[in-house]
Amino acid sequence: MKRSVAIIGSGPSALMLGCALDPEKFGVTIYEKNFALARKFLVAGDGGFNLTHSETIEEFVSRYTPAAFLNETIRSFTNEDLREWLKQLGIETYVGTSKRVFPIKGIKPIDVLNAILDELSRRKVSLKTSHEWKGWSLENELIFDHKGNEIAVGPDITVFALGGASWSKTGSDGGWTKLLVNKGIEIIPFQPSNCAYEIKWEKGFISQWEGSSLKNISLSCCGSERKGELVITNFGIEGGAVYGLSPQMRKELNEKKEAELLLDLKPTYKPADIEARLGKKRNCSFTDHIKTELNISGLPLALLKSVTTKEEFLDPTKLAVKIKRLPLRITGMAPINEAISTVGGVALAEIDGFFQIKKLPNHYAIGEMLDWDAPTGGYLLQGCFSMGAVLGKSLNKS
């Protein structure tokens, strides 16, 4: 006899799990509180549908925090495995110049979702929308609210894939946490990740440079370094290089109420090389000399002037230090609902190596509702897809 599986939530981890479970062994139902499935998955594709990243597996697994949590999971269902799986569903992908992986031109997020839904249909997975999970009955059945009606369900296996707490308009609001707290499950408070970080810019600076970006720069915080892009906003800064240091900046902000981010304007230059170039004889102003020798002008030059005294700016040795380690004072994070993702949720100590909740046998938790972190660039989606695939494989063997 088939065992019944209730998957609560319809994000990428839930969808992958539904596709990974053996239909000969399990009768699977996915419950979604919204009237439509995978809303956050679709919204994530608005700015370019970055499905995963093409870097080597050794580099890939190093992107996650905590480092060991998804190591084996990602290795068991890699970025290449995800691309192959999508190909089998009719979704061809390509590697962009950033080494990120996208669907080929013409394939939209809804097309990817529909291909997955077709696979779920082939596997006879039942999809129930407008079913909001409300907890358990006295008999430990799952209780759902469906358009004002209470429905009790008693599956053999329950899998929570309830998401984090960002983008509440998609239904990802973290409202489920109190239900698990009532069962004695430790919940780490949600915080924003992959978000804008606050810098109190001077009015004259931000009026001129808001919306401008720095490319091919390097950022570091607490000994960790990320290369990429930084965008100046009225609130502070955002961009790929910034998002990659979210764990470090968040830790500093939590402990010290502020964080120092060091900006390297010339990652390919050594300090001595910069100093030597700045020390050359010149027949122009020092500002023009900097432009000529180091190609530093516009926004980078304005940033340098904003954090140096006149004496420091005119001193080649001191200015070389600032060019390589320009300090930016971070004073806060964007509101959680403006973040791309969140960290926090179910404490990792509450689950075993195959995502089973230790205090609730036959109950599992996967996806962003767990307390892990990853930068943008395809790592978040890959982590969720991999968890669904790995849990599916594990349950198929049970």
Side-chain angles (χ1 to χ4, degrees), residues 7-9 11-14 16-17 20 40 57 60-78 133 157-166 172-195 222 224 243-255 333 336 339-376 378-395 398:
I7 303 173
I8 307 176
S13 58
M16 176 57 83
L17 175 60
K40 188 173 181 181
I57 194 64
F60 208 108
V61 296
S62 71
R63 306 301 183 189
Y64 295 89
T65 304
F69 171 55
L70 288 176
N71 190 343
E72 291 304 317
T73 298
I74 299 296
R75 291 178 188 276
S76 295
F77 188 81
T78 68
W133 177 56
I157 297 169
T158 298
V159 181
F160 299 112
L162 293 161
S166 63
S172 180
D173 58 12
W176 50 266
T177 55
K178 60 183 180 296
L179 299 175
L180 293 186
V181 168
N182 290 340
K183 287 287 188 177
I185 308 302
E186 181 186 3
I187 301 295
I188 308 299
F190 283 112
Q191 287 190 285
S193 186
N194 294 299
C195 65
C222 301
S224 294
Y243 301 153
L245 292 170
S246 287
Q248 292 77 19
M249 286 190 286
R250 187 172 53 245
K251 182 174 184 293
E252 289 288 284
L253 286 167
N254 287 339
E255 294 177 356
M333 296 179 280
I336 198 166
I340 294 172
S341 62
T342 53
V343 64
V346 176
L348 299 184
E350 295 284 2
I351 61 172
D352 65 18
F354 289 99
F355 310 108
Q356 183 170 212
I357 300 174
K358 296 174 184 177
K359 295 172 184 173
L360 297 174
N362 296 317
H363 289 67
Y364 299 78
I366 55 176
E368 198 180 338
M369 67 182 292
L370 299 175
D371 182 27
W372 61 284
D373 202 3
T376 58
Y379 305 103
L380 291 162
L381 275 179
Q382 179 71 53
C384 290
F385 278 126
S386 292
M387 278 188 262
V390 168
L391 177 55
K393 291 177 185 177
S394 174
L395 291 174
S398 62

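Just so you know, these numbers use all the heavy atoms, side chains as well, and skip hydrogens, waters and symmetry mates.
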Tell me every residue that passes side-chain contact (heavy atoms from CB on, under 4.5 Å) with Leu179, counting only those two or more places apart in sequence or in another chain.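 By the side-chain contact (heavy atoms from CB on, under 4.5 Å) rule, Leu179 matches Trp133.
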List in chain and number order the residues that pass side-chain contact (heavy atoms from CB on, under 4.5 Å) with Ala20, two or more places apart in sequence or in another chain; answer none if no residue qualifies. none
Heavy-atom side-chain proximity of [X] to [Y] below 4.5 angstrom:
X: Ile351; Y: Phe69; result: yes
X: Met387; Y: Phe77; result: no
X: Ile357; Y: Lys183; result: no

Has [X] got a side-chain atom pairing as donor or acceptor with [Y]'s backbone, closer than 3.5 angstrom?
X: Ser386; Y: Gly383; value: no
X: Lys393; Y: Ser76; value: yes
X: Ser398; Y: Leu395; value: yes
X: Thr158; Y: His363; value: no
X: Gln356; Y: Pro361; value: no
X: Glu368; Y: Ala165; value: no

Looking at Thr65, Ile188, Thr342, which one forms a side chain to side chain contact (heavy atoms under 4.5 Å, CB included) with Asp371? Ile188
Quick one: closest heavy-atom pair of [X] and [Y], and the distance?
X: Leu370; Y: Ile366; value: CD1-CA, 4.0 Å
X: Pro12; Y: Cys384; value: CG-CB, 3.9 Å
X: Leu180; Y: Met369; value: CD1-CE, 4.0 Å
X: Gly367; Y: Ser13; value: CA-OG, 3.7 Å
X: Gln248; Y: Ser224; value: NE2-OG, 3.2 Å
X: Tyr379; Y: Ala374; value: CB-CB, 3.9 Å

Does CZ belonging to Phe354 count more than 12 external heavy atoms closer than 6.0 Å?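 No - once you tally the heavy atoms of other residues, nucleotides and ligands closer than 6.0 Å, there are 12 at most.
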Aromatic rings Tyr64 and Trp372: how do their planes relate, parallel, tilted or perpendicular, breaks at 30° and 60°? tilted
Qualifying residue, where the test is side-chain hydrogen bond (donor to acceptor under 3.5 Å, both in side chains) with Arg75 and the options are Thr73, Thr78, Asn71: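 By the side-chain hydrogen bond (donor to acceptor under 3.5 Å, both in side chains) criterion, Arg75 pairs with just one of Thr73, Thr78, Asn71: Asn71.
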Please name all residues satisfying salt bridge (charged side-chain N to carboxylate O under 4.0 Å, His left out) with Lys251, sequence neighbours left out, ordered by chain then number.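 So Lys251 forms a salt bridge (charged side-chain N to carboxylate O under 4.0 Å, His left out) with Glu255.
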With Asp373, which residues qualify under salt bridge (charged side-chain N to carboxylate O under 4.0 Å, His left out), at least two apart? Arg250
Going through the checks in order, is the side chain to side chain contact (heavy atoms under 4.5 Å, CB included) test met by Ile187 and Trp176? CA-CA 10 Å; Ile187 301 295; Trp176 50 266; 4.0 Å; yes
With salt bridge (Lys or Arg N to Asp or Glu O under 4.0 Å) as the rule and sequence neighbours excluded, what pairs involving residues 61-74 come up?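 Sorted result for residues 61-74: Glu55-Arg63.
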Scan for salt bridge (Lys or Arg N to Asp or Glu O under 4.0 Å) pairs involving residues 343-353, sequence neighbours excluded, and state none if there are none. Glu350-Lys359
To the nearest 0.5 Å, tell me how far Phe385 CZ sits from Leu380 CG. 12.0 Å
Once rounded to the nearest 0.5 Å, what's the spacing between atom CD1 of Ile74 and atom OG of Ser62?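 Spacing of CD1 (Ile74) from OG (Ser62) equals 11.5 Å.
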Would Thr376 and Asn194 count as having a side-chain donor-acceptor pair, cut-off 3.5 Å? no
Derivation of the side chain to side chain contact (heavy atoms under 4.5 Å, CB included) call for Lys40 and Ser166: CA-CA 9 Å; Lys40 188 173 181 181; Ser166 63; 3.0 Å; yes
